[in-house]
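What follows is a single structure, written as C-alpha cells, with notes after it.
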Amino acid sequence: MPYDGRGPDMKRRRFDDDNPRGRRGRGRGRGRPDRLGRRDDVMEEAESSQTRQKRERALPSRVIQIGQAEELTEDDIRSALEVFGEIRGVVSPSRDIFLVEFSSLERSVFFINHIDSHGFLIRFISPDLNYGPAQDLPSAMATFTSKSNTSGANHVLEVNVLKPMYPITTEVLHTIASPHGRVSRIVIHNKTEEKIESLIEFDSIMSAESCKDAINGADIYAGCCTLDVKFSKAQSLNVFKNDDDTFDYTDVNPAIAASNRKRESQGPSDDNYGDRGHDMGRGPGRPRRGDRNLDRSRDGPRGDMGPGPGGPPAVLMVHGLDTTMNPNRLFNLFCMYGDVNKIKFLMTKKGIAMVEMKNSRGADNVLNHLNRIKVLGSQMSISPSKHREVVIYTNNAPGILEDGSENVQVFINSRFLRYSTEKRAAKNRLVDPTKILHFFALPLEVDEDFVLKLLEDKGCPTPTSISMHKSEVCSAGLLEFDSTEEAVDTAAIANHLNGTHKGIKYLLKIAFTGKKSMPVENYEESRPAAGSKAKSKKEDDDEESSNTSRNFND
C-alpha cells in the first residue's frame, strides 16, 4: 500500500480538549485550564505559531526548512531533530534559516505532524517550521541561490563607513564580517573625512546577504563609524599585498599565501573581539560591544560568564516563593543543577525572582527537576523568561527583603559553583529531590551530634535518621526526613553553611541523592550516637564508606 503522506496520528496536548483551536487566550484565566504550569506558556506560544504555519504547509518533502533561527547553531538543530529520525545533513543558506534532510519522507512527515499536535521548542525558541522547497539538500540550496540571483544580490559587498572618527583597517572589517560567512578578500580603496569606501568579497552570495542584513546601519564604535552596506556590481577583487588596506584570506595568490598561513597560525582575528572596545577617552580598538553590536553577540549575552559548553546564559522566572526565601537560599537549590550567574528578587511583585543561569543546559536541568516542587511552604513555579540576562543597576541601592537580606546577589565568581569546570561537573548527579539528602565536605573532627545541632540552630526540620562516615579528607553522610518537602527546605536553608567549630573551620555542602529510602547497610549507623565511640566496624570499612560517599557526591 503506498504511503499516503499523512503520518501517524498524534495525541493532542491535554489543554486542547478544554480549549478548542482558535479560542485559547495568551493571558491567565482566558480560556486555559488552571492546572497548566507556567512552563506551558512558552509551549502554547510555540504551538500557536506553528498552528498558523500548518495552514500554509508546503508539499511534503524529506527536507525541513527552519526559519527565524538566527540564535540557533547547527548542533542545536541536529540534536533537537535527530530524535525523530536519521538526519542526512544540515545546511544554512542564510543567517536565520536552516535546511535539514531526513533519511525518508515518512520521518519528515512524522516530525511535521508532531509539531502540529504538540508544538516544538529548540532552546526555548519557537522557530518557523515547514517542508523545504525541494526533496534533497542540493536542490533546496539551488532554490535559495536562484532567489538570491534574481534579487540582484552578489557575493561582493560595498561597505561605506560614515563619520570615520577612528582608523578603519582590513582587520576591523574582517572582525565585523567574518561571523556571517567566509571572507575571501577585502579592499579599502578610498578614504575621506566624510566616509571610507571598501569592498568585501565573500565565498557565497548567501554569506554576503547574511552579512548585509546583520551590519547595515550599525555603528562600529559608539556614535560613529556607521556602516552603509549594499551589493556591489564587482565580481571579484584583486589583491597584491596584505596590509591595513588590502588583504587576501585565500591561498589563490602564491605571492601572499605565506602571509595568510602566518596569520592563520596566530588564530582567528576575532578571538578577542570586543575586549578592547573603544570607550571615549581611551582611544579606538576593535569594534565595541554595544547596543548595535556587529558580531553575533546579538544572539546572546557574552562576557565573563561566557556562553559555556551549554550555550549562552538563560533566564528563568520563579513564581510562588515564600517570604522567607532569599537569593542565597534559592541559589542553594539551583546550584545543584547548573551554575548560577545572578538572582534578583522583584521588589514590586512579591514572591517572584529572576534567575540567570550560566547556560541553557543548566536552565533545562532546573526546569526538569525543580519546577512545581514545594519549598518553605510554597509551591515554586519555574518558567523560561523572554529576558536574555538579569540586569543589575549598580548605581542604585539594592532592595531589602522581609528577612533583611538584599534582593540581588551575583554568583559568577562564587566558590560554590558545581559546574565551573569539567572535573566538577562530572561529580554531579541530576536527580529529582527526595527525602534523603547527602551531606559532605565537613572536617573529620565533627560527629552526628554536631550536624543535628547545626540543623536545629538554623531552624531546619529534624531528620528521622542520620548516618555518617569519614574518609581520609572529610566527614560525609546521609540524612533522612519524613518527606521530600522537609529535605528540600533543609537543602535551601543549610546548604553551604560555614563557620568555626572548636577552633576548626567547617563547610556543610548538601546534595539530593535521588534515593527514596536510606540504604539498608546504613541503618545500623543511623541511630543518634551518644559520642564518637564504638565505631570499630566503621573503622574497618573506612575505604568502602569513602567510596559510598563519592557515589552520592554531587
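Between Tyr166 and Tyr221, the angle of the ring planes goes over 60°, which puts this pair in the perpendicular group of the 30/60° scheme. Between His369 and Tyr337, the ring planes lie parallel to each other; the angle is under 30°, not in the 30° to 60° tilted range.
To the nearest 0.5 angstrom, His469 atom NE2 is 7.5 Å from Cys474 atom SG. Atom CD of residue Glu402 and atom CZ of residue Phe345 lie 11.5 Å apart, to the nearest 0.5 angstrom. Separating the CG atom in Leu316 from the CE atom in Met357 is a distance of 6.5 Å, to the nearest 0.5 Å. For the atom pair CD (Glu445) and CG (Leu442), the distance works out to 10.5 Å, reported to the nearest 0.5 Å. With rounding to the nearest 0.5 Å, the separation of CD1 in Ile122 from CZ in Arg78 is 12.5 Å. For the atom pair CZ of Phe416 and CZ of Phe331, the computed distance is 7.5 Å after rounding to the nearest 0.5 Å.
Two residues are said to be in side-chain contact when any heavy atoms from C-beta on lie closer than 4.5 Å; Asn495 and Leu508 fail this criterion. The shortest distance between side-chain heavy atoms of Leu478 and Thr513 falls below 4.5 Å.
Under the 6.0 Å cut-off for aromatic ring centres, Phe450 and His501 qualify, their centroids lying closer than that.
Here the side chain of Ser92 pairs a donor or acceptor atom with the backbone of Ile97 at under 3.5 angstrom. Within the 3.5 Å criterion, the main-chain N or O of Leu72 finds no donor-acceptor partner in the side chain of Asp76. Thr464 places a side-chain N or O within donor-acceptor distance of the main-chain N or O of Glu480, the cut-off being under 3.5 Å. The main-chain N or O of Arg372 is found under 3.5 Å from a side-chain atom of Gln379 such that the two form a donor-acceptor pair.
In plain terms, the two heavy atoms of Met354 and Met317 that are nearest each other are CG-SD, 3.4 Å. Scanning all heavy atoms of the two residues, the minimum distance from Lys358 to Asn341 falls at CA-ND2, 3.5 Å. Heavy-atom minimum distance, Val390 versus Glu356: N-OE1, 2.7 Å. Of all the heavy atoms in Leu444 and Ser471, the pair that sits closest is CD2-O, 3.2 Å. Scanning all heavy atoms of the two residues, the minimum distance from Lys374 to Val488 falls at O-CG1, 3.7 Å. Nearest heavy-atom pair across Asn332 and Ala491 is CB-O, 3.6 Å.
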Go through the steps for Asn498 and Lys505 under the test side-chain contact (heavy atoms from CB on, under 4.5 Å), then give the verdict.
CA-CA 7 Å; Asn498 59 86; Lys505 292 183 178 180; over 6 Å; no
From CA spacing to verdict: side-chain contact (heavy atoms from CB on, under 4.5 Å), Ile176, Leu227
CA-CA 10 Å; Ile176 295 167; Leu227 292 168; 4.3 Å; yes
Decide side-chain contact (heavy atoms from CB on, under 4.5 Å) for Val83 and Leu81; before the verdict, give the C-alpha distance in whole Å, the side-chain angles of both, and the deciding distance to 0.1 Å.
CA-CA 5 Å; Val83 298; Leu81 269 65; over 6 Å; no
Under the criterion side-chain contact (heavy atoms from CB on, under 4.5 Å), I'd like the reasoning laid out for Ile382 against Phe334: C-alpha separation, chi angles, the key distance, then a yes or no.
CA-CA 11 Å; Ile382 308 172; Phe334 280 43; 3.8 Å; yes
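The closest side-chain donor-acceptor pair between Lys470 and Ser475 falls under 3.5 angstrom. Side-chain atoms of Ser420 and Asp339 include no donor-acceptor pair closer than 3.5 Å.
Applying the side chain to side chain donor-acceptor pair (under 3.5 Å) rule to pairs touching residues 451-460 yields Lys453-Asp457, sequence neighbours excluded.
Screening Leu437, Thr462, Asp489, Thr434 against Phe481 for a side chain to side chain contact (heavy atoms under 4.5 Å, CB included) leaves a single residue, Leu437.
For Asp322, there are no salt bridge (charged side-chain N to carboxylate O under 4.0 Å, His left out) partners two or more places apart in sequence or in a different chain.
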